[in-house]
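First up is the structure itself, then whatever we jot down about it.
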Amino acid sequence: MTHTQKRIMTNNIVMVLSTLSALLGLGFLFWILGVLVFNGIEALNMNIFIYEGAPAGYEESGLKQALVGQLLIVLYATAVGVPLGVLSGTYLSEYGQSSKLSEVIRDISDIMMSAPSIVIGAFVYAIIVIPMGHFSGYAGAAALAIIMVPIILRTTDDMLQLVPSTLREAAFALGAPKYKVIIQVVYRGAKAGILTGILLAIARVAGETAPLLFTSFNDNFMNTDMNEAMASLTVTMYNYATSPYEDWQRLGWAAAFILSMFILGLNIIGRLFLLRKRGQ
Amino acid sequence: MATIVNVPEEKILHVNHFEFTYAGSDTPNIKTLSMPIAKNCITALIGPSGCGKTTLLRAFNRMHDLYPGNTYAGEILFEGRNILDTKEDLIALRSKIGMIFQKPTAFPMSIFDNVAYGLRLQGIKNRSEVSDRVEKALKDAAIWKEVNSRLKHDANGLSGGQQQRLCIARAIAVEPEILLFDEPTSALDPISTQGIEILVSELKERVSIVIVTHNMQQAARVSDYTGFMYLGELIELGRTEELFVTPKEKLTEEYITGKFG
């Protein structure tokens, strides 16, 4: 065998191996999605959106309380997490720049991003749930907000730093004060990136179960009082899927399907923003 | 000391024993530099890379203050004040001394909003006044015909040369006293460059202009006065045709004949 033939053969072997591993990974992904879609669509019906939870065996049972609870918790978490994340990212990029303090904040937020979410749940349990004496939607939202902040902070910081410094200088050279330069010029330049970061952060926390288990806990009935224990799709899914009743398991599949579609939707919208930005 | 010859009486800026040191530098990057900048004329600053010409230009509107640790000494007189004074109102100063950068810096907003930006900063809210002044600035910057049908479009859709003229329109809309050009054509093609040069020559009737350029032909074509800088010092300043034809300093002669740089 000549040297060239050997090289071609090695090339072919590596190509086949890497293609096979890619297909293996994709195979599992589509298997999961397939099972989810198959069981999820089968379990979907109007009752899910109309009725609250009910004892097993009841025809009129649904996921209304979990859908509403999930939306409320994520909404409150977003209302707290987004401004905190965007403002602190702005501080890092525009004011702190490469100062010691900024570097420490960046490192800590990187560590927080990889902290197990159940640890954050335990933290909120200790500082909110125990002093208040009961589970609450607020505690759940607080846990999710804590998970959101470092993600949004880092993307905001990165996206703002991508805005060329000459653009800032040009605005300063026209006599603009710093806050106007940031709001009117720098934010505009980084809009698509920051928005994508926010959407991906929402998608990330929407799928969290562990931090909600001991903060917002669960509720089988409709509740819009954030000061009370509250249902969420993830915790409901966990409870129903591990139950022995077939109709509850079906509700679990429906919850999994709805949640996955929501997160998939957010991801697609986020990516579309970035694509449109690149297209400019 | 620099050789300074034949500079007119009327000056817009007077640089007096100016010294500048970048953050982290042990020695001054510009050393005791003195020079007058003539009013309603075009002054070109030439010199090899790193000679401090852009550094000097960026001191005129205190751009160096955006980054911590840079220090000034000496004085730059403008309208009877030393603009290096720590109490100087930089926002007011920069609205009187505008700047055009090496690369076009169109803001991520519409063509109209780009030009209106400086006007709105000055608190001009009246819609018809804003749109009149935007139109006038775009006409003065010789770009009105190309953009008048698409004022609401994103400014980033314009070509490089158009964006640079848009930036000039944005800078002249606020009617500054001085315009600083930092190598404004180094990122442009020859035809766009010619357009900018013609525009700069026309503008001097209304504003005083300082232009930093790497291109000696450009300095010779557009400027009335030329200053040659080397290693952070001004070597020679004089009428452009004299400096290029009969330079007084040996260093100047060597630079303009291409012996170094």
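Letters A, B, ... mirror the listed sequences (proteins, then strands); counts begin at 1.
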Counting only non-hydrogen atoms closer than 4.5 Å, does [X] touch chain A with its backbone (N, CA, C, O), its side chain (CB onward), both, or neither?
| X | answer |
| --- | --- |
| B:I97 | backbone |
| B:F60 | neither |
| B:A106 | backbone |

Charged tip of B:K152 within 45° of B:F112 ring normal and under 6.0 Å: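 Output yes; distance and angle both within limits.
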
Would you give the length of the straight line joining atom CG of B:L188 to atom CD1 of B:I196, rounded to the nearest 0.5 angstrom?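 Output value for this atom pair is 6.0 Å.
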
Quick check for you: to the nearest 0.5 Å, what is the distance between B:I100 atom CD1 and B:T185 atom OG1?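 Atom-to-atom, B:I100:CD1 and B:T185:OG1 are 12.5 Å apart.
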
Which one wins on heavy-atom pair count under 4.5 Å against chain A: B:K96, B:R62, B:M63, B:Q102?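 Most pairs with chain A among the choices: B:M63.
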
Which atom pair, heavy atoms only, marks the closest approach of B:A169 to B:L138?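 Nearest pair, atom of B:A169 first, then B:L138: CB-CD2, 4.0 Å.
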
